[in-house]
2 protein chains.
Amino acid sequence: MNKDGDTEDRIFEAAQAAFHEHGFDGARMADIARRASINQSMLHYYFRTKEQLFDAVFRKAILAVLPPAIAILGEDGPLLAKLERFAHRYVGILQANPHIPAFILFELRRNPEAIGRLAGETAGPVFARFRGDVERAVREGDIRPIEPSHLLANVVGLCVFPFVARPMLQGGLGMGNEAYDGLLRTRADHVADFLRHALRP
Amino acid sequence: MNKDGDTEDRIFEAAQAAFHEHGFDGARMADIARRASINQSMLHYYFRTKEQLFDAVFRKAILAVLPPAIAILGEDGPLLAKLERFAHRYVGILQANPHIPAFILFELRRNPEAIGRLAGETAGPVFARFRGDVERAVREGDIRPIEPSHLLANVVGLCVFPFVARPMLQGGLGMGNEAYDGLLRTRADHVADFLRHALRP
DNA sequence: GAATTATTCAACCAATCAGTTGAATTATGC
DNA sequence: GCATAATTCAACTGATTGGTTGAATAATTC
C-alpha cells in the first residue's frame with residue numbers, strides 16, 4: 001500500500017503531461033493510467049472523474065502564472081521599473097513552465113466565460129490599478145501618452161507569445177530547439193528593452 | 001438532390017464552426033451533421049473521414065492568414081513603413097477571422113512538427129528576408145539595433161495576442177463585448193504606433 | 001490476531017463515437 | 001420511360017471511452 005501520496009502524485013504528473021499535450025478532450029484516462037503505471041480504476045479512486053482530475057491540473061497551472069502577474073503588477077514604484085520587473089520575472093516563470101501558457105489559452109476556448117470571470121475576479125483590481133498607474137505616468141511625463149488597455153495586452157503578449165507560438169515561429173525562423181531556447185533566454189531582457197524604448201516620451 | 005454544392009458548403013460551414021469552437025478532438029460528427037441539418041452518413045459521403053473534413057477546414061484557415069503575412073512581409077520598401085502596413089492589414093485580416101488565430105494555436109499543440117515544417121517551407125524564405133531587412137535598416141540608421149527574430153515575434157504577437165487571449169484580457173479589464181470590440185478596432189493603429197516608437201533610433 | 005480501513009486489481013458496463021451498409025429517393029442522360 | 005449515377009436516409013457496427021463493481025491485497029488500529 002501507498003502511504004505517502006506517491007500514487008496520487010504519480011497520477012497527477014501523468015495527467016498534467018497528458019492534459020498539457022492533448023487538452024481535456026484529447027487526453028485519455030487509459031493513457032494517463034498507463035503513464036502513471038497504475039490500473040485505470042485508481043484514477044477514479046483518487047480523483048473521482050476526468051473533470052475533477054483536469055480541474056486539479058488546471059488549478060495548478062493558473063496558480064503558477066496568475067498570482068505572480070497580479071503580485072508584480074500590484075507592486076508600488078515607477079511604472080517603467082515595474083514593467084521591467086514584470087518582464088524579467090514573468091518570462092522566468094514561463095520558462096519554468098513552458099507548456100502552461102498554451103494550455104491556458106487552449107482552455108480559454110473550451111470555457112471562455114468561466115475563465116473570463118476568474119480573470120475579472122482575481123486580476124480585475126490589479127488591472128484597474130495598472131490603468132491608474134499608466135495614466136499617472138503619462139501625466140507626470142514618465143512615459144508618452146498611451147492607452148492603458150492596449151499597453152497591458154502588449155506587456156503580457158510580448159512575454160507569452162513566443163511560448164505559445166513556438167512551433168510556428170521556430171519553423172518559420174528555421175531554428176533548431178537549442179537556438180530557439182537561446183532566443184527565449186534573452187526574451188526578458190529584450191521585452192524590457194523594447195518596452196522602455198516604446199514608452200519613452 | 002443537390003447539384004450546386006449547397007450540401008457540401010453547409011457541411012463545411014458547420015464543420016468550421018464546430019472545429020473552431022471545440023478543436024478536432026472535441027468536435028463531434030453527429031453535432032456537425034445536426035448543425036448542417038443533414039444525416040450523419042452524408043459527412044462521410046462528401047468528406048470521407050473526420051480527419052479529411054478537419055484538414056479542409058484547417059487548410060482554409062491557414063490560407064486566410066499565412067499567405068497575406070508572407071506577401072506583406074515580402075514587399076519592398078522601408079522597413080518601418082512595411083511594419084505599419086503589416087499591422088494595418090494583418091489586424092484587418094484577424095478582425096475578419098477572429099477565431100482563426102486561436103484555432104491555429106490550438107492545432108499547433110496537436111501537431112507541432114507538421115505545422116513547424118509548413119511554416120518553414122512557406123514563411124521561411126520571407127522570414128529570412130525580414131532578417132536581412134532589419135539588419136540593413138539598423139546599418140542605415142533607420143531603426144535602433146534590435147535582434148530580428150525577437151522583432152518578428154513582437155510584430156506578429158502584438159497583432160495576434162489580443163485575439164487569442166480575448167476572454168482573459170476582456171474579463172481582467174472588466175470590459176463588455178462592445179468595449180473590447182472597440183479596442184480591437186483601434187488595435188492596428190496602436191501596434192503601428194507602438195512599433196514606430198519602439199524602433200526609432 | 002481480528003476487525004476495520006485503505007489501496008489495488010481485473011472484469012465489466014452503458015454510452016458514445018466515427019464510420020458502414022444497403023435501400024430509397026432524386027437527378028441525369030439517352 | 002428506362003438505365004444509370006448521385007444523393008440521402010435509417011439502421012447498424014465494432015471500437016473506444018469514462019466509469020463501476022466486487023473481490024483481493026495491504027495497511028492500520030485495538
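Lettering follows sequence order; numbering is per chain, from 1. In what follows, every heavy atom counts, from backbone to side chain, and hydrogens, waters and symmetry copies are set aside. Owing to the predicted nature of the structure, the values given are computational and were not obtained by experimental measurement.
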> Flag the pair A/F194 / A/H190 as yes when their ring centroid distance falls below 6.0 Å, and as no otherwise.
yes
> Report the distance from atom NE2 of A/H44 to atom P of C/dT7, rounded to the nearest whole Å.
17 Å
> Taking 4.0 Å as the cut-off, does a side-chain nitrogen or oxygen of A/Y45 come that near to OP1 or OP2 on D/dG19?
no
> For a quick test of reading the model, state the closest non-hydrogen atom pair linking B/Y90 to B/V65 and the distance between them.
OH-O, 3.1 Å
> Under a 3.5 Å limit for both distances, which nucleotide forms a Watson-Crick or G-U wobble pair with D/dG18, could you say?
C/dC13
> Under the side-chain contact (heavy atoms from CB on, under 4.5 Å) test, which residues partner B/E75, sequence neighbours left out?
B/I72, B/K82, B/R85, B/R89
> Would you mind reading off the distance between A/L43 atom CG and D/dG19 atom C1', rounded to a whole angstrom?
10 Å
> Which label fits B/F19 and B/F54: parallel for a plane angle under 30°, tilted from 30 to 60°, or perpendicular past 60°?
perpendicular
> State whether A/F106 and B/R110 meet the cation-pi test: NZ (Lys) or CZ (Arg) under 6.0 Å from the six-membered ring centroid, and within 45° of the perpendicular axis.
no
> Just how far, in rounded Å, is P of C/dA6 from CG of A/D6?
19 Å
> Whole-Å distance between C/dA10 P and A/M42 CE?
11 Å
> Does A/T49 make a side-chain N or O approach to OP1 or OP2 of D/dG18 shorter than 4.0 Å?
no
> Specify the separation, in whole Å, of atom CG of A/D25 and atom P of D/dT16.
18 Å
> Over how many whole Å does the gap from B/K50 atom NZ to C/dT20 atom C1' extend?
17 Å
> How many whole angstroms separate atom CZ of A/F47 from atom C1' of D/dG19?
16 Å
> From CD1 of B/I11 over to P of D/dT8, roughly how many Å is that when rounded to an integer?
8 Å
> Name every residue in residues 27-41 of chain A that has at least one heavy atom under 4.0 Å from any atom of DNA chain D, in order of residue number, or write none if there are no such residues.
A/A27, A/R28, A/M29, A/Q40, A/S41
> Hey, does the side chain of A/K50 reach the backbone of A/R28 with a donor-acceptor pair shorter than 3.5 angstrom?
no
> Would you confirm whether the ring centroid of B/F161 sits within less than 6.0 angstrom of the ring centroid of A/F161?
no
